[in-house]
Structures are given as C-alpha cells and as structure tokens.
Amino acid sequence: MAKLKDKVCIVTGATSGMGKGIAEMLHAEGAKLVLSGRNEERGNDLKAKLKGSVFVPGDVAQPEYNEKLVKAAIDQFGKLDILSLNAGILGLGNVVELSVSSWQNTLDINLSSIFYISKYAIPHLQKAEAGNILINASIAAYKSFPNHPVYCATKGATVALMKQMAVEYAPKIRVNAICPGPVDTPLIWDSAKAFEDPEAAVQNAADATLLKRLGTPEDVAKLALFLLSDDSSWITGTAMTIDGGILNA
Ligand SMILES: NC(=O)c1ccc[n+]([C@@H]2O[C@H](COP(=O)([O-])OP(=O)(O)OC[C@H]3O[C@@H](n4cnc5c(N)ncnc54)[C@H](O)[C@@H]3O)[C@@H](O)[C@H]2O)c1
C-alpha cells in the first residue's frame with residue numbers, strides 16, 4: 001500500500017538533485033505535492049510528470065515566498081502534512097575571501113528559509129494527523145571542509161534548529177534531518193569547479209567513502225521516505241547520516 005496516500009507535502013529544491021528524487025519518491029507513494037524551485041522550465045516539466053502536483057516558482061530566501069508555498073498547499077489541497085526542505089547552495093570561499101553579501105545570501109537560503117517556511121507551515125502541521133518536517137542538512141554539520149565556512153555554519157545551525165523544533169512541537173509534529181555525504185547532483189559538480197581537475201575531485205570524494213561510490217538522489221529519497229512515513233513513527237529530533245561511511249573512514 002502507498003505509504004503517503006493523500007499526504008500533502010511541500011518539497012523545496014524540487015527542480016534538481018535530491019529534492020527532485022525525493023519529490024518523485026513521495027509522488028510514487030501517493031503524496032500530493034507543492035513543488036518549489038527557481039527554474040521554471042524544470043519545475044513545469046516536473047509538474048507535468050508528477051500528475052496532480054502544483055509548481056510555485058520563487059526564492060526561498062524571501063519570507064513572502066514561503067508564505068505563498070504554504071498558501072498554495074491549503075488553497076489547492078485543503079491541508080498540509082509534510083515539509084521536505086532541500087533548497088541549498090554552497091556559498092564557496094574562505095572567510096577572508098567571502099563577500100558579506102554571499103555570506104548573507106547563503107545564510108538566508110540554507111538556514112533562514114527553514115525558519116520562514118516552518119513559521120507559516122507549523123499551524124497547519126499541528127492540525128495534521130502526523131505532521132512531519134524533514135530538513136536536508138549535510139555531513140558539513142559535523143565535518144569541516146576548506147572553502148565552505150558559511151555552508152558548514154548553516155548546516156550545523158540547521159541541525160540545531162531541527163532539534164529545537166522537535167522539542168517545541170512534539171508530540172504533534174516530528175522533525176528530523178538527513179545529513180548526506182557526497183551525492184551525485186549538480187551541487188557536487190559545482191563544488192568541484194574550485195579544483196583544477198573537477199572530475200578527479202569528484203572521484204576522490206567517491207573514493208573517500210567506505211562504500212567507494214557517490215550517493216544517488218534515489219539512495220537519499222529512500223531514507224527521506226522512511227523518515228516521512230509512519231515506518232519511523234518513534235523517531236524525532238534525529239539527524240541521520242547517509243554518507244557511504246565517509247564520516248567513519
Ligand atoms: N550533493 C551533495 O553532495 C550534498 C551533500 C550534503 C547535503 N546536500 C544538501 O542537499 C540539498 C539539495 O542539494 P543537491 O545536492 O540536490 O543540489 P542541487 O543544486 O541539485 O539542488 C539544489 C536545489 O535548491 C534550489 N535552490 C537553491 N537556491 C534556491 C533559492 N534561493 N530559492 C529556491 N530554491 C533554491 C535549487 O533550485 C535546486 O532545486 C542542499 O540543501 C544541499 O546543501 C548536498
């Protein structure tokens with residue numbers, strides 16, 4: 001039986017990478033989706049593929065856009081059960097090089113957006129049978145990488161915010177995070193551009209895992225489905241690593 005039949009979910013970062021993989025998985029399990037992303041062409045293509053979905057393009061760094069996403073769920077489907085929050089950028093550059101505007105923008109997209117959408121969504125999630133928030137953090141919450149100061153800072157803070165919201169909104173709403181290692185999405189290839197040989201840099205990341213490969217959006221979507229379904233009904237306030245063993249290598 002479908003694990004998320006008629007659950008209404010907002011999925012951010014749905015036009016690419018892991019967010020797209022998660023959206024496809026949730027749809028296959030019967031969920032009704034509000035898809036969020038910046039790229040209108042990709043968003044409209046996905047909406048056409050995932051029948052019955054709504055696509056609302058915009059910038060998660062803007063509080064009003066987050067309010068609009070929640071409104072779209074209520075207007076279109078009459079309720080809201082799940083948030084799957086995947087929008088994120090790298091904001092590369094060491095502390096000396098990084099511009100103040102890049103710091104602020106990355107903070108807004110990776111961290112403040114989680115506060116914004118939760119603020120508008122939680123009153124509706126409290127009315128749901130099993131309200132659920134799943135945030136895509138990163139192993140960067142625990143392991144530091146050169147040139148990623150704002151990324152590491154926002155992912156660490158994301159885990160702290162997830163735990164705080166789990167405490168505040170239990171038992172009505174479960175709140176968890178996933179912490180992926182290197183996953184084969186456009187983001188990892190963007191990150192590799194900083195290296196002389198990007199292909200070798202990505203291969204090195206795969207080789208550094210115990211399981212000797214990059215993760216796939218589908219690997220991550222399977223964990224997301226577990227955490228968003230009743231299969232994990234006694235799990236809240238947890239940040240689950242999915243990293244091919246790289247943190248333990
Ligand atoms: N790829 C990895 O190796 C990796 C590892 C750990 C964590 N993550 C995290 O996973 C999440 C998804 O990343 P991905 O790897 O799938 O990358 P991706 O670049 O394929 O997807 C990122 C998504 O975020 C959206 N986005 C970015 N800025 C936005 C904005 N201002 N407004 C609205 N949407 C915006 C993009 O449109 C895109 O859909 C991110 O939070 C990322 O930090 C990625």
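Excluded from the calculations below are hydrogen atoms, water molecules and symmetry mates; all remaining heavy atoms, backbone and side chain alike, are included. Owing to the predicted nature of the structure, the values given are computational and were not obtained by experimental measurement. Numbers here simply count residues along the sequence, with the first being 1. Read the numbers this way: they start at 1 and go in the same order the structure lists the ligands and their atoms.
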| Heavy-atom closest contact (Glu29 atom, Met1 atom, distance) |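 Result for this residue pair: OE1-O, 4.2 Å.
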
| field | Among Leu26, Leu80, Asn132, Asp81, the one residue meeting side-chain contact (heavy atoms from CB on, under 4.5 Å) with Lys7 | value |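 Going through Leu26, Leu80, Asn132, Asp81 one by one, the side-chain contact (heavy atoms from CB on, under 4.5 Å) with Lys7 is satisfied by Asp81 alone.
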
| request: Could you list all the side-chain hydrogen bond (donor to acceptor under 3.5 Å, both in side chains) pairs where at least one residue sits in residues 102-125, not counting sequence neighbours? | output: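 Qualifying pairs, neighbours excluded: Gln104-Asp108, Asn110-Thr154.
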
| Name the residues in contact with ligand 1, where contact means a heavy atom under 4.0 Å away: which are they? |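 Heavy-atom contacts below 4.0 Å: Gly13, Thr15, Ser16, Gly17, Met18, Arg38, Gly58, Asp59, Val60, Asn86, Ala87, Gly88, Ile89, Ile109, Asn136, Ala137, Ser138, Tyr151, Lys155, Pro180, Gly181, Pro182, Val183, Thr185, Pro186, Leu187.
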
| task | Decide whether Ser191 and Tyr151 meet the rule of one side-chain donor and one side-chain acceptor closer than 3.5 Å. | result |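 Note: Ser191 and Tyr151 side chains miss the donor-acceptor criterion.
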
| message | Distance alone, cut at 3.5 Å: any donor-acceptor contact between the side chains of Asp231 and Ser233? | response |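 The answer is no; no qualifying pair exists.
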
| task | Answer yes or no: is there a side-chain heavy-atom contact under 4.5 Å between Leu85 and Leu134? | result |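 When only atoms from C-beta onward are counted, Leu134 and Leu85 do not touch, as no gap falls below 4.5 Å.
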
